[in-house]
**Student:** 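Quick one: this structure, given as structure tokens, is what I'll be asking you about.
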Amino acid sequence: MATIIPGRKACTTNPLKMSAPIGAALAFLGMDRALPLLHGSQGCTAFGLVLFVRHFRETIPLQTTAMNEVTTILGGLENIEQALLNIKKRANPALIGICSTGITEAKGDDVAGFLKLIRDKHPELAGTEVVYTSTPDFVGGFSDGWAKAVSAMVDALVPPTKVRTPWQVNILAGCHLTPGDIEEIRETVEAFGLTPIVLPDLSGSLDGHIPETFLPHTLGGTRLADVKRMGASAITIAIGEQMRPAAALLEKKAGVPFRVFERLTGLAACDAFIALLSDLSEQDVPLKYRRQRSQLQDAMLDGHFYFGEQKVAIAAEPDLLFALSHFFADMGATVSCAIAPQDAPVLARVAAETVRIGDLGDFEEHAAGCDLLVTHSHGRQAAARLGIPFWRAGLPTFDRLGVAHKVSVGYRGTRDLIFEVGNVFMEQLHAHEQHVTPASLRPDLHRAGPAPAVDAPARAGH
């Protein structure tokens, strides 16, 4: 059990934490024909928009109610009303996801009441689902906002039913999973003859494909029709502790049992996931995954020489921090510094002695002396100042291409993760060898001609 050290700084100097509203907005972006709407100022939306565009390198549909000083004080009913009408007229999405922000939560806007009045007044909004989630900036963080949005969609869109479809499986995906991760999970479930419904599905909407024409809403992702069938599934598989509340809500509404996988990175975690799919489908594990398991075992044997006794510092969202810490521990490394942006139940089970709630300033301070830094792209300055190798993980990663397609789950993803990180360790090992090897032992530095006799300096002195 890790000891949680709460943050006590008066101010954040180098932020690690991201706000709950943009976490909720990203969850809505995983829906097909959806458009997130932030109920707040234009600046709140602009910040999230820049963050997502830099990370995914895609056009991001994101709207705002454009609250100002006057409307914030008087209430945002008219702003929400006009925003919904404009969005319906211009974009006609299947889903509008409303995320509150700090200023509207501080004012105390009754958004649920507003929506009822607006629906009664404007029947032309029929045909578009509107889901509201309360995500004040001053409570929780990015993963909390994501989790609240998923729970809100389950609550609003999944009807109770007693029908069961034995081959249908719900997948509740945490915010720490990339579109590539989600695609790998879906393909694995389908390989057993099961039909997965993924919520939310970033692999459909933010996987980097080019649409045939411009659309003012998302293209791809989880369809509303599929969400409404989730109550008939045989089981819900929640990936990440943050998805437990949504899975529990789905069980309460429709009686669908659930199982939480805190991670799908690592041999033991993958074995448990594959075993569950085999039991559900009553099928043997396909030869493809038996071979991938063998490849992962070989990669672990090859890689443990370079991971062993290495000291690693990680700063990430709680579920990603948990998964990465156990990955490094499985490979023989030690997580000497673990930083999370906010508290969460899963942090007590992180594979480290302590987990500090803090920012990248704390990360830089406590990571000194480590062999590898792991966090998102904003950690690059700390790595440069400390002179420690840096491996990027999490959102935002804006100084590398292809981050949406990175896979770190399943046998194949874990295998590739070992190779990617192991190569960083190997490169530093070779650099260290070149730095400390005496020149007399390096053939590339030998001068032409025969080497002088050992006692030549002594003779020269006579």
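From a predicted model like this one, the values you see are computed outputs, not experimental measurements. Hydrogens, waters and symmetry mates are skipped; everything else that's a heavy atom, side chains included, is used. Starting from 1, each residue takes its place in the sequence as its number.
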**Student:** Checking the side chain of Thr135 only, and the main-chain atoms of Ser100 only, is there a donor and an acceptor separated by less than 3.5 Å?
**Tutor:** yes

**Student:** Looking only at non-hydrogen atoms, find the nearest pair between Pro196 and Val189 and report the distance.
**Tutor:**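 Result for this residue pair: CB-CG1, 3.8 Å.
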
**Student:** Are side-chain heavy atoms of Arg293 and Arg290 found at a separation under 4.5 Å?
**Tutor:**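 No, their side chains stay 4.5 Å or more apart.
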
**Student:** Treating Thr218 as the side-chain partner and Ala34 as the backbone partner, does any N or O pair qualify as donor plus acceptor under 3.5 Å?
**Tutor:** yes

**Student:** Indicate yes or no for a side-chain donor-acceptor contact from Arg291 to the backbone of Lys288 under 3.5 Å, with no hydrogens or angles considered.
**Tutor:**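 Answer holds: no.
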
**Student:** Going from SG on Cys270 to CZ on Arg412, what distance comes out if it is rounded to the nearest 0.5 angstrom?
**Tutor:** 11.5 Å

**Student:** Answer whether the closest heavy-atom distance between the side chains of Asp144 and Val139 falls below 4.5 Å.
**Tutor:** no

**Student:** Can you tell me how far CG of Asp155 sits from OG of Ser151, rounded to the nearest 0.5 angstrom?
**Tutor:** 8.5 Å

**Student:** Side chains of Leu177 and Ile185: does their closest heavy-atom pair fall under 4.5 Å?
**Tutor:** yes

**Student:** Over all heavy atoms of both residues, which pair between Ser143 and Gln342 is shortest? Give the atoms and the distance, please.
**Tutor:**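 Nearest pair, atom of Ser143 first, then Gln342: OG-NE2, 3.2 Å.
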
**Student:** Is a side-chain donor or acceptor of Glu282 paired with a backbone partner of Ser278 at a separation under 3.5 angstrom?
**Tutor:**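 Absent.
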
**Student:** Could you give the distance from CG (Leu199) to CE (Met243), rounded to the nearest 0.5 Å?
**Tutor:**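 So the gap between those two atoms works out to 8.0 Å.
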
**Student:** Quick one: closest heavy-atom pair of Arg415 and Leu296, and the distance?
**Tutor:**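 Taking Arg415 first and Leu296 second, the nearest heavy atoms are N-CD1, 3.7 Å.
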
**Student:** Any chance you could measure Thr354, atom OG1, to Ile5, atom CD1, to the nearest 0.5 Å?
**Tutor:**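 Atom-to-atom, Thr354:OG1 and Ile5:CD1 are 4.5 Å apart.
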
**Student:** I'd like to know if the side chain of His326 reaches the main chain of Arg349, judged simply by a donor and an acceptor atom lying under 3.5 Å from each other, with no hydrogens or angles considered.
**Tutor:**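 At least one qualifying donor-acceptor pair exists.
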
**Student:** Any salt bridge linking Asp319 with Arg263? Criterion: basic side-chain nitrogen under 4.0 Å from a carboxylate oxygen.
**Tutor:**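 Arg263 and Asp319: not salt-bridged.
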
**Student:** Check the pair Thr133 / Ile98 against side-chain contact (heavy atoms from CB on, under 4.5 Å), numbers first and verdict last.
**Tutor:** CA-CA 6 Å; Thr133 181; Ile98 302 180; over 6 Å; no

**Student:** Taking the side chain as everything from C-beta on, heavy atoms only, tell me whether Thr375 gets closer than 4.5 Å to Ile314.
**Tutor:** no

**Student:** Could you walk me through whether Asp416 and Lys406 pass the salt bridge (charged side-chain N to carboxylate O under 4.0 Å, His left out) check?
**Tutor:** CA-CA 9 Å; Asp416 293 347; Lys406 288 183 64 174; over 6 Å; no

**Student:** For Ile237 and Arg259, what are the C-alpha separation, side-chain angles and deciding distance, and is it a side-chain contact (heavy atoms from CB on, under 4.5 Å)?
**Tutor:** CA-CA 5 Å; Ile237 299 175; Arg259 179 168 173 182; 5.5 Å; no

**Student:** Just by modelled atom types, is the Lys311 backbone N or O under 3.5 Å from a matching donor or acceptor in the Asp371 side chain?
**Tutor:** yes

**Student:** Measure from the side-chain N and O atoms of Thr414 to the backbone N and O of Tyr411, and report whether any donor-acceptor pair falls under 3.5 Å.
**Tutor:** no

**Student:** Under 3.5 Å, which donor-acceptor pairs link side chains of residues 9-29 to any protein atom two or more places apart or in another chain?
**Tutor:**
from	atom 1	to	atom 2	distance (Å)
Lys9	NZ	Asp359	OD1	3.1
Lys9	NZ	Asp359	OD2	3.0
Lys17	NZ	Gly140	O	3.0

**Student:** Give a yes or no on whether Phe305 atom CZ has more than 12 heavy-atom contacts from other residues, nucleotides or ligands under 6.0 Å away.
**Tutor:** no

**Student:** So, His304 side chain and Leu301 main chain: donor-acceptor pair closer than 3.5 Å or not?
**Tutor:**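 Confirmed, His304 side chain pairs with Leu301 backbone.
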
**Student:** Stepwise, does the side-chain hydrogen bond (donor to acceptor under 3.5 Å, both in side chains) test hold for Gln168 with Thr195?
**Tutor:** CA-CA 5 Å; Gln168 183 174 291; Thr195 301; over 6 Å; no

**Student:** Could you go through the side-chain hydrogen bond (donor to acceptor under 3.5 Å, both in side chains) check for Glu105 and Ser134 one step at a time?
**Tutor:** CA-CA 8 Å; Glu105 288 282 354; Ser134 174; 2.5 Å; yes

**Student:** Just by distance, do the side chain of Asp181 and the backbone of Ser408 share a donor-acceptor pair under 3.5 Å?
**Tutor:** yes

**Student:** Do the side chains of Glu58 and Val53 get nearer than 4.5 Å, heavy atoms only?
**Tutor:** no

**Student:** Between Arg186 and Glu183, is the closest basic N to carboxylate O distance under 4.0 Å?
**Tutor:**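 Looking at Glu183 and Arg186, the cut-off is not met.
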
**Student:** For Pro61 and Thr59, which heavy atoms make the closest approach, and how far apart are they?
**Tutor:**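 Taking every non-hydrogen atom into account, CD-O, 3.7 Å.
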
**Student:** Answer yes or no: are there more than 12 heavy-atom neighbours, outside Phe398 itself, under 6.0 Å from its atom CZ?
**Tutor:** yes

**Student:** Using the side-chain contact (heavy atoms from CB on, under 4.5 Å) rule, take Thr334 and Gln310 through it: C-alpha gap first, then chi angles, then the decisive distance, then the call.
**Tutor:** CA-CA 6 Å; Thr334 300; Gln310 298 279 13; over 6 Å; no

**Student:** Could you go through Glu241 and Val260, starting from their C-alpha distance and side-chain angles, then the distance that decides it, and tell me whether this counts as side-chain contact (heavy atoms from CB on, under 4.5 Å)?
**Tutor:** CA-CA 7 Å; Glu241 184 64 30; Val260 177; 4.1 Å; yes

**Student:** Might you point out which heavy atoms bring Ile357 and Pro341 nearest each other, and give the distance in Å?
**Tutor:**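 Smallest heavy-atom distance, with atoms named: CG2-O, 3.9 Å.
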
**Student:** Would you say Glu353 has more than 12 foreign heavy atoms packed within less than 6.0 Å of its CD?
**Tutor:** no

**Student:** Working note: Asp399 + Ser377, criterion side-chain hydrogen bond (donor to acceptor under 3.5 Å, both in side chains); need CA distance, chi angles, decisive distance, verdict.
**Tutor:** CA-CA 7 Å; Asp399 54 351; Ser377 289; 2.6 Å; yes

**Student:** Is a donor from one side chain sitting under 3.5 angstrom from an acceptor on the other, for Ser233 and Asn170?
**Tutor:** yes

**Student:** For the atom pair CG (Leu372) and CZ (Phe328), what is the distance rounded to the nearest 0.5 Å?
**Tutor:** 5.5 Å

**Student:** Are Thr222 and Asp32 close enough that some pair of their side-chain heavy atoms sits under 4.5 Å apart?
**Tutor:**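 No, their side chains stay 4.5 Å or more apart.
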
**Student:** Hey, does Val312 have a side-chain heavy atom less than 4.5 Å from the side chain of Ser336?
**Tutor:** no

**Student:** Fit a plane to each ring of Phe307 and Phe425, take the angle between them on a 0 to 90° scale, and name the class: parallel (under 30°), tilted (30 to 60°) or perpendicular (over 60°).
**Tutor:** perpendicular

**Student:** I need the minimum non-hydrogen distance between Phe327 and Val421, along with the two atoms involved.
**Tutor:** CE2-CG2, 4.5 Å

**Student:** Could you grab the distance from atom CD of Gln283 to atom CG of Leu277, nearest 0.5 Å is fine?
**Tutor:**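 Atom-to-atom, Gln283:CD and Leu277:CG are 10.5 Å apart.
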
**Student:** Taking the side chain as everything from C-beta on, heavy atoms only, tell me whether His376 gets closer than 4.5 Å to Arg392.
**Tutor:**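 No - every pair of side-chain heavy atoms lies 4.5 Å or more apart.
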
**Student:** Say whether, by atom type as modelled, one donor and one acceptor occur between the side chain of Thr236 and the main chain of Ala247 under 3.5 angstrom.
**Tutor:**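 Pair absent, no side-chain N/O of Thr236 close to backbone of Ala247.
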
**Student:** Answer yes or no: does atom CZ of Arg8 have more than 12 heavy-atom neighbours from other residues, nucleotides or ligands under 6.0 Å?
**Tutor:**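 Check fails, neighbour count at 12 or below.
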
